[in-house]
Number of protein chains: 2
Amino acid sequence: MTEDPARAIRATNVFAANCPSRRVLDHVTSKWGVLVIVALAQSPMRWGALRRRIEGVSEKMLAQTLRTLEADGFVLREAQPTIPPRVDYSLTPLGRGLADRLIPLVTWVGNNADEIVGAH
Amino acid sequence: MTEDPARAIRATNVFAANCPSRRVLDHVTSKWGVLVIVALAQSPMRWGALRRRIEGVSEKMLAQTLRTLEADGFVLREAQPTIPPRVDYSLTPLGRGLADRLIPLVTWVGNNADEIVGAH
DNA sequence: ACGGGTACTTACTTTATAGTGCGTACCACC
DNA sequence: GGTGGTACGCACTATAAAGTAAGTACCCGT
């Protein structure tokens, strides 16, 4: 599991148009996808908690994002057949691997956002 | 410049709707933005080289992405007033900081893309 | 005089993404 | 028996992003 940048990037070429990594990258870096992954990295959450945590997300977008991330194998969905319904979301091991790379990025953006926006 | 995930994320809240980090995150994780940053991290490049490197990008999208990244202070644009025109693009120190967080992510996606797509 | 190279811009069209509002199922509580 | 809570699905509309195609400017070599 070596991750030397130069070598690894050459191994599966993200720059190639038809490389599957392109599609995955789009899912991973989608507007709400990033926030969902980071939120679930902090702790597993129910639907409603996610909705409240991620300000501004509509129900439709949250559902859609969760379905995509579940299909990609990043998120685990566990529905309890109780009334009222209760659905728990958490990260899979794969999702945790992704979160490990996403959190430094989001953290960095958070720390530097003021400087960046101020540049305009 | 501590980067303990839990603390740092709480410091500037990406989950807040009106936080400037939201806009920056959108630029940073845009479809072509990621590829431009990673490409320039490997070496500074001219317009034409970038266009050839990043397969599938249209001239319009490349120009637009570069303008956004330049405005955000990630990319430096140096135009030589020669004929034919020659424009060199490179990362600023800020851009290099971003690339340091982006490359592990892209590398990881590249290494795991097959597994992820295979999951469907 | 014509074609080629470079780095774009602009106008137009298509596609993707996102928002809005309404419906559903079931039960518990008042 | 009406209201509220949970976790959605669906249809429709609006907006934003992206693709397509063509045009521009300048000079150089043939």
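Note on naming: letters A, B, ... go to the chains in the order of the sequence lines (proteins, then strands), and numbering restarts at 1 for each one. Just so it is clear, the structure is predicted and the values come from calculations on it, not from any experiment.
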Return the set of residues passing side-chain hydrogen bond (donor to acceptor under 3.5 Å, both in side chains) with [X] (not counting sequence neighbours), or none when no residue passes.
| X | value |
| --- | --- |
| Asp100(B) | none |
| Arg86(B) | Asp88(B) |
| Arg23(A) | none |
| Glu59(A) | Arg51(A) |

Worksheet item: Could you give the start and end, 5' to 3', of the contact zone on DNA chain D for chain A, using atoms under 4.0 Å from its heavy atoms?
Response: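 Listed 5' to 3', the contact boundaries are dG5(D) to dA11(D).
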Discussion item. Reading DNA chain C from 5' to 3', where do the contacts with chain B start and stop? Cut-off is 4.0 Å to heavy atoms.
Written reply: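 The protein-touched segment is dG5(C) to dA11(C).
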Practice prompt. Tell me what Arg51(A) touches on the nucleic acid: a base, only sugar-phosphate, or nothing, going by heavy atoms under 4.0 Å.
Written response: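 The answer is nothing, as Arg51(A) stays clear of every strand by at least 4.0 Å.
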Item to complete: Using a heavy-atom cut-off of under 4.0 Å over every strand shown, decide if Lys31(B) touches base, sugar-phosphate, or nothing.
Response: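 Sugar-phosphate contact only.
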Item to complete: With sequence neighbours excluded, give me every salt bridge (charged side-chain N to carboxylate O under 4.0 Å, His left out) pair touching residues 36-50 of chain B.
Response: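 Matches after skipping sequence neighbours: none remain.
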Discussion item. Assuming nearest nucleotide by heavy-atom distance, tell me which of Pro84(A) and Gln64(B) is located more 5' along DNA chain C.
Written reply: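 Upstream on the strand: Gln64(B).
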Worksheet item: Which residue, Asp26(A) or Glu59(A), contacts DNA chain C at a nucleotide closer to its 5' end, judged by nearest heavy atom?
Response: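 The residue whose closest nucleotide sits nearer the 5' end is Asp26(A).
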Fill in: Which residues share a side-chain contact (heavy atoms from CB on, under 4.5 Å) with Arg96(A), sequence neighbours left out
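Result, side-chain contact (heavy atoms from CB on, under 4.5 Å) vs Arg96(A): Leu91(A), Pro93(A).
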Discussion item. I want to check something: taking the side chain as every heavy atom from C-beta on, are Leu50(A) and Leu66(A) in contact at a cut-off of under 4.5 Å?
Written reply: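 A side-chain contact exists here, since the closest heavy-atom pair is under 4.5 Å.
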Discussion item. Reading DNA chain D from 5' onward, which residue's closest nucleotide shows up sooner: Gly56(B) or Arg52(A)?
Written reply: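 Going by which nucleotide is closer to the 5' end, it is Arg52(A).
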Practice prompt. Just jot down the salt bridge (Lys or Arg N to Asp or Glu O under 4.0 Å) partners of Glu78(B), sequence neighbours excluded, or say none.
Written response: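 Per chain and number, Glu78(B) pairs via salt bridge (Lys or Arg N to Asp or Glu O under 4.0 Å) with no residue.
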